[in-house]
Amino acid sequence: MEPDEIKGHYGTEPLLARIDEALWRAGLGDRSLGWADLVPLDQFHVGGLGATRELAESLGIDAGANVLDVGCGLGGPARFLAATYACQVTGIDLSRPFVDAARMLTERAGLSDMVTFRHADALDLPFADQSFDHAWTQHVAMNIADRAGFYASVRRVLRPDGCLAIYDVVAGHGGPPTFPVPWARGPETNFLLTPEAMREALVRAGFAEVSWADKTDAGRAWAAEMQARREAKPAPLGLHIVMGPQFADMAANLGRDLREGRVRLVQAIMARA
Ligand SMILES: C[S@@+](CC[C@H](N)C(=O)[O-])C[C@H]1O[C@@H](n2cnc3c(N)ncnc32)[C@H](O)[C@@H]1O
């Protein structure tokens with residue numbers, strides 16, 4: 001069953017213990033944390049914090065806005081948005097260990113009054129219609145086979161003039177990805193669409209394009225830099241803590257896939273039409 005395979009891919013236990021141990025090794029074990037201390041660990045997408053910042057600037061978020069982060073992972077983007085824009089963020093994720101870790105890290109960063117998390121499936125969001133000013137999703141859709149269902153589910157909880165901010169991996173023309181990649185150990189949990197098919201799915205679900213940008217070149221450069229850093233000196237905090245030793249192969253394959261045009265990156269703002 002697809003959701004179980006996805007849950008198994010992300011957040012193998014005991015995640016909290018591994019994170020806690022890594023924080024101690026990084027010299028952060030016994031002190032209060034700022035959201036920025038966690039950036040090497042909690043931005044689970046190509047481009048890291050820079051890509052999150054850019055997407056947020058493209059969206060534009062008012063203080064006090066109510067934002068839903070769909071597939072929030074460890075909650076890094078949610079904490080950044082709340083701390084930077086003084087907005088309220090609700091993160092949902094299919095992986096229970098990720099949600100537990102997101103709550104723990106948010107508590108440690110002193111942001112629990114602005115950022116909350118729920119364990120939920122993006123296809124069955126546990127919120128009333130039109131509950132959010134904006135929705136946000138980074139590097140999640142490639143795990144979701146029912147793309148029409150995903151976008152319809154997000155649209156339902158957006159207020160009428162709300163926007164969905166997207167930063168996603170899409171299929172390129174260079175052939176399928178080389179597994180494992182960070183979102184899939186094999187083809188069973190990989191559901192990349194071409195940018196054209198993704199845009200069509202969004203429009204069919206009732207979204208209108210505000211902006212659409214290809215971010216592949218920036219992602220390729222970032223992946224190469226991260227690869228060089230990993231080879232020079234393994235960092236105490238990083239996604240290897242979350243995903244295990246296979247993360248090195250996943251990241252190297254993703255870098256190669258970006259170079260070979262097997263995958264590309266899209267940043268988009270879509271308004272609820
Ligand atoms: C690559 S991580 C990205 C995490 C986060 N958005 C970020 O950029 O830091 C993909 C996340 O999507 C979540 N996910 C995948 N399918 C999902 C679904 N159907 N509903 C909710 N979350 C899902 C995974 O559990 C994982 O946390």
Side-chain angles (χ1 to χ4, degrees), residues 1-13 15 19 35 38-56 67-81 89-103 105-106 115 117-127 135-154 157 164-170 177 180-185 188-192 215 219 222-223 237-243 246-247 250-251 253-254 263 265-267:
M1 226 175 80
E2 174 211 321
D4 283 344
E5 283 174 355
I6 289 163
K7 284 181 202 162
H9 175 73
Y10 292 109
T12 50
E13 298 285 17
L15 181 59
I19 292 177
W35 64 267
L38 300 167
V39 162
L41 178 80
D42 70 10
Q43 302 283 323
F44 197 165
H45 48 260
V46 177
L49 180 62
T52 299
R53 219 182 264 288
E54 211 183 310
L55 183 63
V67 181
L68 174 66
D69 183 356
V70 188
C72 60
L74 300 179
R79 284 185 290 275
F80 163 79
L81 292 178
V89 188
T90 304
I92 70 102
D93 202 280
L94 195 59
S95 161
R96 197 179 283 281
F98 275 20
V99 170
D100 290 344
R103 286 192 182 124
L105 294 170
T106 302
V115 188
F117 298 96
R118 285 185 63 173
H119 177 229
D121 189 337
L123 293 167
D124 185 19
L125 292 169
F127 306 109
W136 169 281
T137 189
Q138 294 171 289
H139 285 41
V140 178
M142 66 263 189
N143 278 139
I144 299 182
D146 179 5
R147 202 63 79 88
F150 174 42
Y151 294 138
S153 169
V154 173
V157 301
L164 167 61
I166 298 174
Y167 177 51
D168 265 333
V169 185
V170 293
V181 281
W183 63 92
R185 287 180 167 83
E188 316 75 47
T189 55
N190 173 64
F191 302 105
L192 294 180
K215 295 287 169 186
W222 182 88
L237 282 186
L239 283 162
H240 58 285
I241 304 298
V242 180
M243 299 302 287
Q246 209 185 11
F247 186 73
M250 294 173 171
N253 286 341
L254 174 55
V263 303
L265 297 163
V266 162
Q267 176 190 289

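Both counts, for ligands and for their atoms, begin at 1 and track the order of listing. Positions are given from 1 along the sequence. Quantities reported herein were computed from a predicted structural model and do not represent experimental measurements.
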Does any N or O atom in His139 lie less than 3.5 angstrom from one in ligand 1, N or O only?
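No - when backbone and side-chain N and O of His139 are compared with those of ligand 1, no distance drops under 3.5 Å.
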
May I ask you to check if ligand 1 and Val140 share an N or O to N or O distance below 3.5 Å?
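No - when backbone and side-chain N and O of Val140 are compared with those of ligand 1, no distance drops under 3.5 Å.
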
Residue list, salt bridge (Lys or Arg N to Asp or Glu O under 4.0 Å) with Asp42, at least two apart or on another chain:
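In terms of salt bridge (Lys or Arg N to Asp or Glu O under 4.0 Å), with neighbours along the sequence ignored, Asp42 is linked to Arg79.
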
Indicate yes or no for a side-chain donor-acceptor contact from [X] to the backbone of [Y] under 3.5 Å, with no hydrogens or angles considered.
X      : Y      : result
Thr52  : Pro77  : no
His45  : Asp168 : no
Asp121 : Leu94  : no

Does even one non-hydrogen atom of Trp183 get within less than 4.0 Å of ligand 1?
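The answer is no, since Trp183 has no heavy atom less than 4.0 Å from ligand 1.
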
Does Ala120 come within less than 4.0 angstrom of ligand 1, counting non-hydrogen atoms of the residue?
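Judged by the 4.0 Å heavy-atom criterion, Ala120 does count as contacting ligand 1.
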
Phe191 vs Ile144 side-chain heavy atoms within contact, under 4.5 Å
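Answer no - side chains too far apart.
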
Which one of [options] has a non-hydrogen atom at the shortest distance from [atom]?
atom                    : options                      : answer
atom 13 (C) of ligand 1 : Asp93, Leu94, Asp124, Thr189 : Asp93
atom 6 (N) of ligand 1  : Gly48, Gly73, Gly71          : Gly71
atom 20 (N) of ligand 1 : Ala184, Ala122, Cys72        : Ala122
atom 8 (O) of ligand 1  : Lys7, His45, Arg118          : His45

Should the proximity of [X] to ligand 1, defined as any heavy atom under 4.0 Å, be assigned to the side chain, the backbone, both, or neither?
X     : result
Ile6  : side chain
Asp69 : neither
Phe98 : side chain
Pro77 : side chain

List for me each residue that meets side-chain contact (heavy atoms from CB on, under 4.5 Å) alongside Ser153, sequence neighbours excluded, and say none if there are none.
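Testing Ser153 for side-chain contact (heavy atoms from CB on, under 4.5 Å), a comparison that skips the adjacent residues, returns Leu125.
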
Against His139, only a single residue in Tyr167, Trp183, Tyr10 fulfils ring-ring contact (aromatic ring centres under 6.0 Å, His included); can you say which?
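Passing option: Tyr167.
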
May I have the step-by-step check of side-chain contact (heavy atoms from CB on, under 4.5 Å) for Leu105 and Phe117, ending in yes or no?
CA-CA 11 Å; Leu105 294 170; Phe117 298 96; over 6 Å; no

Considering only heavy atoms of Asp42, which atoms of ligand 1 have at least one such atom less than 4.0 Å away?
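Those qualifying, in numeric order: 9 (O).
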
Parallel, tilted or perpendicular: ring planes of Phe98 versus Phe44, cut at 30 and 60 degrees:
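Plane angle between 30° and 60°, so tilted.
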
